[in-house]
Amino acid sequence: MNKKHNFSAGPSILPQEVFRQAADAVLDFNGSGLSILEVSHRSKDFVAVMEEARALSLDLMGLTGQGYQALFLQGGASMEFLRIPYNFMGMQGKAAYLDTGTWAAAAIKEAKVFGHTEIIASSKESNYNFIPKDYTIPADADYFHCTSNNTIFGTQMKSFPDSPVPMVCDMSSDIFSRQIDFSKFDLIYAGAQKNMGPAGVTLVVVKEDALGETGRKIPSILDYKQHIDKESMYNTPSVFAVYTSLLTLRWLNENGGIGAMEQRNNAKAELLYNEIDRNPLFTGTAATEDRSLMNATFVLNDIAHTENFDKMWKEAGISGLTGHRSVGGYRASMYNAMPIESVQVLVDVMKRLEITG
Ligand SMILES: *Cc1c(COP(=O)(O)O)cnc(C)c1O
């Protein structure tokens, strides 16, 4: 197989060794004579997988013993858009949201179904090309919701406010990519398929004592407390997706943890953004100070170069570089598993385009 340089925004690249280990487990899981696809989720071996994945997630975030629980749930990040107001918004309450992109707006839409939802700042007017910074979180809100990395627009929150109310964050596309004080948050969630595993599972890290405050009756499958009580096995979990996520978490841990990932991610982003800024044929679309380390968005200054550029990067073995339809242009997603060598291949293509036109 001729392995591509995969710049896709998600589902996305995972470490090669994770692909191999996951493939092995499809044929024989832990030498059990059974495929990971046919083992009971109640089997001793899989219960151990779930426990390790939950513990390692907290460990990597520095949250072990801090009153947090990690859950591996289904329904994607989109399901959490709904579960969050169910669990955090009081019957007469209100929620405060930061509107920084398509995913933030999708979260707002679900919260509005529940009750009063205030958008305290938005960059929608400028097609979400920056992160609003001047806003006040109302002290009477039940919670504040933000999106750490805007996958589609290529912007990223570089710092987080000191919130007077519980802070909830969608970290789907930059979870485990940089060091953050995770203890500032009452709930963090991330669909696995951007930076952690295959599609089909969502990591939810929740502070236990923030739950149970709404006075609302919550259907079991939407109730974080039920999932905690059932140790993330309320119903059949996504066995294969949880296992593959665990393999990625182990890989991350063995390769220096979040700190080492952050260094690698900084180096990759610097390499690409330097070329975007240097090369007269290209322009970055996100405000410089808010540029995402994970998803770099850029355009050709003269669309006459489109055909040539597209042909060149495809011939160089690059995949998934086309921008989201709402932004156009290009998007290079450089998640944890992407080696800097792949970014160099892209930069070399950009340099060659400058010379050959
Ligand atoms: C991809 C993405 C989502 C949606 O995830 P699903 O798992 O498809 O529901 C939500 N938020 C962010 C930031 C994303 O990048």
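Quick caveat: nothing in here was measured; it's all calculated off a predicted structure. Numbers for residues simply follow the sequence, beginning at 1. Ligands are counted one by one from 1 in listed order, and the atoms in each one are counted from 1 as well.
Side-chain atoms of Ser238 come within 3.5 Å of backbone N or O of Gly200 as a donor-acceptor pair. No donor-acceptor distance shorter than 3.5 angstrom exists from the side chain of Asn149 to the backbone of Asp174, with no hydrogens or angles considered.
In summary, the atoms of ligand 1 found under 4.0 Å from a heavy atom of Ser78, numbered by their order in the structure, are 6 (P), 9 (O). Near Gly76, meaning under 4.0 Å from any of its heavy atoms, are these atoms of ligand 1: 7 (O), 9 (O). Using a 4.0 Å cut-off to heavy atoms of Gln193, the atoms of ligand 1 that qualify are 5 (O), 6 (P), 7 (O), 8 (O). The contact set between ligand 1 and Phe81, taken as ligand atoms under 4.0 Å from a residue heavy atom, comprises 10 (C). Close approach of ligand 1 to Asn149 (heavy-atom distance below 4.0 Å) involves ligand atoms 13 (C).
At least one cation-pi condition fails for Lys109 and Trp103: the charged atom is not both under 6.0 angstrom from the six-membered ring centre and inside a 45 degree cone around its axis.
The N/O atoms of Gly75, backbone and side chain alike, include none that comes under 3.5 Å of an N/O atom in ligand 1. In terms of polar-atom proximity, Thr151 is counted as a contact of ligand 1, with an N or O under 3.5 Å from an N or O of the ligand.
When heavy-atom distances to ligand 1 are checked against a 4.0 Å cut-off, Lys194 comes that close only through its side chain, counted from C-beta outward.
The heavy atom nearest to atom 6 (P) of ligand 1, out of those in Gly101, Ala106, Ala77, Ser173, is found in Ala77.
Protein heavy atom at the shortest distance from atom 11 (N) of ligand 1 is Asp170 OD2, 2.6 Å. Of all protein heavy atoms, the one lying nearest to atom 3 (C) of ligand 1 is Trp103 CD2, 3.5 Å.
Centroid-to-centroid, the aromatic rings of Phe309 and Phe282 come within less than 6.0 Å. Centroid-to-centroid, the aromatic rings of Tyr97 and Tyr143 come within less than 6.0 Å.
The shortest side-chain heavy-atom distance between Phe88 and Asp142 does not fall under the 4.5 Å cut-off.
Between His145 and Tyr189, the ring planes lie tilted relative to each other; the angle falls in the 30° to 60° range.
Minimum interatomic distance between Ala104 and Thr147 (heavy atoms only, all atoms of both residues): CB-OG1, 3.5 Å.
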